[in-house]
Amino acid sequence: MIDYNHEVRLWEGNDGKFQVMASYAGLFKNTKVKLQKVNGSMIAIPLDFLCHDDISYISATLALPSAQNPHLPIFKPDEFYSSQSSDQLSSSSSSSKVPENKSQDSSSRFHEKAVSVAVTTKCLDNNSLNAEYYMSQHVQEKYSSRPYIRTKPLISSLIGRKSLPVVYSRPFSLSNLPDRVLVMIGFSLDVRSRIRLASTCQKLFKVLFYPEVWSSLWFLYEDLYTVNDSRIIAIAETLVKHKVQNLIESVNLDGSVITALTVINLLKYFPCLEYLSIRTCWQVFSLDLATRLDQLANDSLYGISLSHLRLGKVLLRGPVKDIRNASIDSKSYGQDVGFITHALSRLAGHLIDSDCHLCQFCNLGAAISTFDCAACGRIPLTKCYVCAPQCNRCSIRVCGTAACRQVLAKLQTFRCARCENPLSLCNTRRECIEAQKSCSKCDGVYHTQCRMNNDIYVSNKCSKCGVVCCPRCELVGCSGGCLGQWCHTCANKEDIKHCKCFIVQKSVGNSVLKRNVCRRCRRSCKNCGGGSFCVRCLGLHVAKCKS
């Protein structure tokens, strides 16, 4: 049996009202046409109820060679047209009881239908003409037996009259995409998404482990806190199992919680690794990493292809006491960077391109490969912030070379009276020149922010106008909890007052220290109505006020 894949089309009735979207399913007893709607349901429509275009479509669909369809008669044009004329005369005579206007209407409709069918037969081949002849004879018999009667519209025609149904296709599946597209999708995903997508079906598992997918490794920002040493080892072992470890060229682990051990494992598992970034990885200690890489270079058991290393501006050195039997003698972070790049260059056999280098002038600090000078511009110079300090106010730097010394831009170094660290100020801007003037009372110069011994930054700026003032003589701070501080000019506008309940601090002795409270942090007692209390003093006052 020959199988036909019929398309979904619009079927119309001869009354001009019936419409339905369906596909041809077959002919039932040569009297009804079976149609399959879009939703899958089957309907049967009388053959004489369809328009001549649909009948032509059915006849063309049923057209087969005469050897395969012996029941179809051979088409003879003369007999076809003569039978049409005789059937029209017989049908007009048999319907004499019908009113004249109706009989003429039905005969004219049938004549138009027969003519249209005859015209369509001229465009078909011999096989389709045989089927057309068979269908036209069947229609003529139906029309000759009874007059033309308008049938009632079906429910489907009423629904289709308002809006045609939407043809729904098969639900989209990601596995139906071509392999080339899936490879591009997998390449743009992070490591965790690739592995999760590969575990959905066998096809995606096969495609997502193609060599083109695993050229780089990176993680999403929200997953960085889970990226540790054990997870990197698990991923490396999975890639080794599928034999794609030699295809990894780039690894980005910025902001993760890995240690120096992971860097060593990456170099061992991925021999073709060319790019490695571990910026802001605060668990990677520079002294520990330099020691491990120096030992690995001395063993000379591994060869690497690393070309680019990104360490960032700074990494933590880590506890120096934990490094036992260290093969290197490093005294600063800059020297750690020097040992790291030297060990990697020995392993790779060529120089490593790093974003952090050892200072060429003091051999202690760390610096980048380029220098942004306020007078000379950007020049290839490796100079740390100790050798070429930065202005604390405008953040400019001066290289100090022979060509730069002729320029008027110069920096002068002071000692901060609060943190006792070096303070550099330039002479290019007015605010920088005014900042060089010391306090009239304590004769001190201060940073914008002082870094204390516990690695906490403390600001010396006014919270309102932003002017840097002396924290001992010119700044007035609030003890109410807002952590605000103001200069004398702005303190009057903030309505700062002393707290009424004085607290005696034992560390100072028997002296009484007055605490200042701004208007937003002042509290009042509900019992006695007293005001100007801070949160700490109000609790002590309420306990005494109740007693």
Any side-chain heavy-atom pair of I368 and T382 under 4.5 Å: no
What I want to find out is whether R397 reaches D372 closely enough, with some N-O distance under 4.0 Å, to be called a salt bridge. no
T489 side chain near K464 side chain, heavy-atom distance below 4.5 Å: no
Are S215 and L247 side-chain neighbours, meaning at least one heavy-atom pair lies under 4.5 Å? no
Backbone N or O of L261 within a donor-acceptor pair of the N265 side chain at under 3.5 Å? yes
For a side-chain contact (heavy atoms from CB on, under 4.5 Å) check, start with the C-alpha distance between E474 and C487, then their side-chain angles and the critical distance, and finish with the verdict. CA-CA 6 Å; E474 299 178 356; C487 60; 5.7 Å; no
Do the side chain of S438 and the main chain of V445 share a donor and acceptor less than 3.5 angstrom apart? no
Before you tell me yes or no, could you show the steps for S277 and D254 under side-chain hydrogen bond (donor to acceptor under 3.5 Å, both in side chains), namely the whole-Å CA-CA distance, both residues' side-chain angles and the distance that decides it to 0.1 Å? CA-CA 6 Å; S277 180; D254 295 344; 2.5 Å; yes
Does either side chain, that of N421 or that of R451, offer a donor lying less than 3.5 Å from an acceptor on the other one? no
Which side-chain N or O atoms in residues 423-431 pair as donor and acceptor under 3.5 Å with protein atoms at least two apart or in another chain?
residue	atom	partner	partner atom	Å
N427	OD1	K410	N	3.0
N427	ND2	L408	O	3.2
R430	NE	E434	OE2	3.2

Is the backbone N or O of F187 less than 3.5 Å from a side-chain atom of R194, with the two atoms forming a donor-acceptor pair by type? yes
Is a side-chain donor or acceptor of D355 paired with a backbone partner of L311 at a separation under 3.5 angstrom? yes
Between W282 and F285, which heavy-atom pair has the shortest distance, and what is it? O-CE2, 3.5 Å
Is a side-chain donor or acceptor of Q485 paired with a backbone partner of S459 at a separation under 3.5 angstrom? yes
Going by atom types only, do R231 and T226 share a side-chain donor-acceptor pair under 3.5 Å? yes
Assess whether side-chain contact (heavy atoms from CB on, under 4.5 Å) is satisfied between W214 and V191, documenting all intermediate values. CA-CA 9 Å; W214 293 95; V191 178; 4.3 Å; yes
Between D229 and T259, is any side-chain donor less than 3.5 angstrom from a side-chain acceptor? yes
Do other residues, nucleotides or ligands put more than 12 heavy atoms under 6.0 Å from the CD atom of E222? yes
Counting N and O atoms only, with roles assigned by atom type, does the side chain of T370 sit under 3.5 Å from a partner on the main chain of I379, one being a donor and the other an acceptor? no
Sorted by chain and number, sequence neighbours left out, side chain to side chain donor-acceptor pair (under 3.5 Å) with T200 holds for none
Does a sphere of radius 6.0 Å around OH in Y210 hold more than 12 heavy atoms from other residues, nucleotides or ligands, not counting ones at 6.0 Å or beyond? yes
Run the salt-bridge test on D294 and R346 with the 4.0 Å N-O cut-off and return the result as yes or no. yes
Can you check whether S175's main-chain N or O pairs, donor with acceptor, with K203's side chain at less than 3.5 Å? yes
side-chain contact (heavy atoms from CB on, under 4.5 Å) between T448 and N460, intermediate numbers included: CA-CA 5 Å; T448 303; N460 297 322; over 6 Å; no
For W486 and C465, run side-chain contact (heavy atoms from CB on, under 4.5 Å): C-alpha distance rounded to whole Å, both residues' side-chain angles, the deciding distance at 0.1 Å, then the answer. CA-CA 8 Å; W486 300 270; C465 63; over 6 Å; no
By side-chain contact (heavy atoms from CB on, under 4.5 Å), which residues pair with K441, not counting sequence neighbours? C439, C473
Parallel, tilted or perpendicular: which fits the ring planes of Y275 and H308, with parallel below 30° and perpendicular above 60°? tilted
H447 and Y457: aromatic ring centres closer than 6.0 Å? no
If we only count heavy atoms from C-beta on, is the S23 to Q36 side-chain gap below 4.5 Å? yes
Is any side-chain N of the basic residue among R310 and D353 closer than 4.0 Å to the acidic one's carboxylate O? yes
Counting only heavy atoms not in M184 (residues, nucleotides, ligands), do more than 12 fall under 6.0 Å from its CE? no
Does R292 pair with D288 as a salt bridge, N-O distance under 4.0 Å? yes
Would one find more than 12 heavy atoms of other residues, nucleotides or ligands at under 6.0 Å from atom CD1 of I433? yes
Name the one of I233, V227, I232, N228 that satisfies side chain to side chain contact (heavy atoms under 4.5 Å, CB included) with S230? N228
Looking only at atom types and distance, does a side-chain atom of H488 sit under 3.5 Å from a main-chain N or O of V476, one as donor and one as acceptor? no
So which heavy atom on I352 is nearest to which on T341, and how close? CG1-O, 4.3 Å
Do Y269 and Q245 come close enough that some side-chain heavy atom pair is under 4.5 Å? no
Looking at side-chain heavy atoms only, is the closest gap between V213 and V183 below 4.5 Å? yes
Spell out, as yes or no, whether a donor-acceptor pair under 3.5 Å connects the side chain of T291 to the backbone of L287. yes
Between S305 and P271, is there a donor-acceptor pair closer than 3.5 Å when you use the side chain of the first and the backbone of the second? yes
Close side-chain approach of R418 and P471, heavy atoms under 4.5 Å: yes
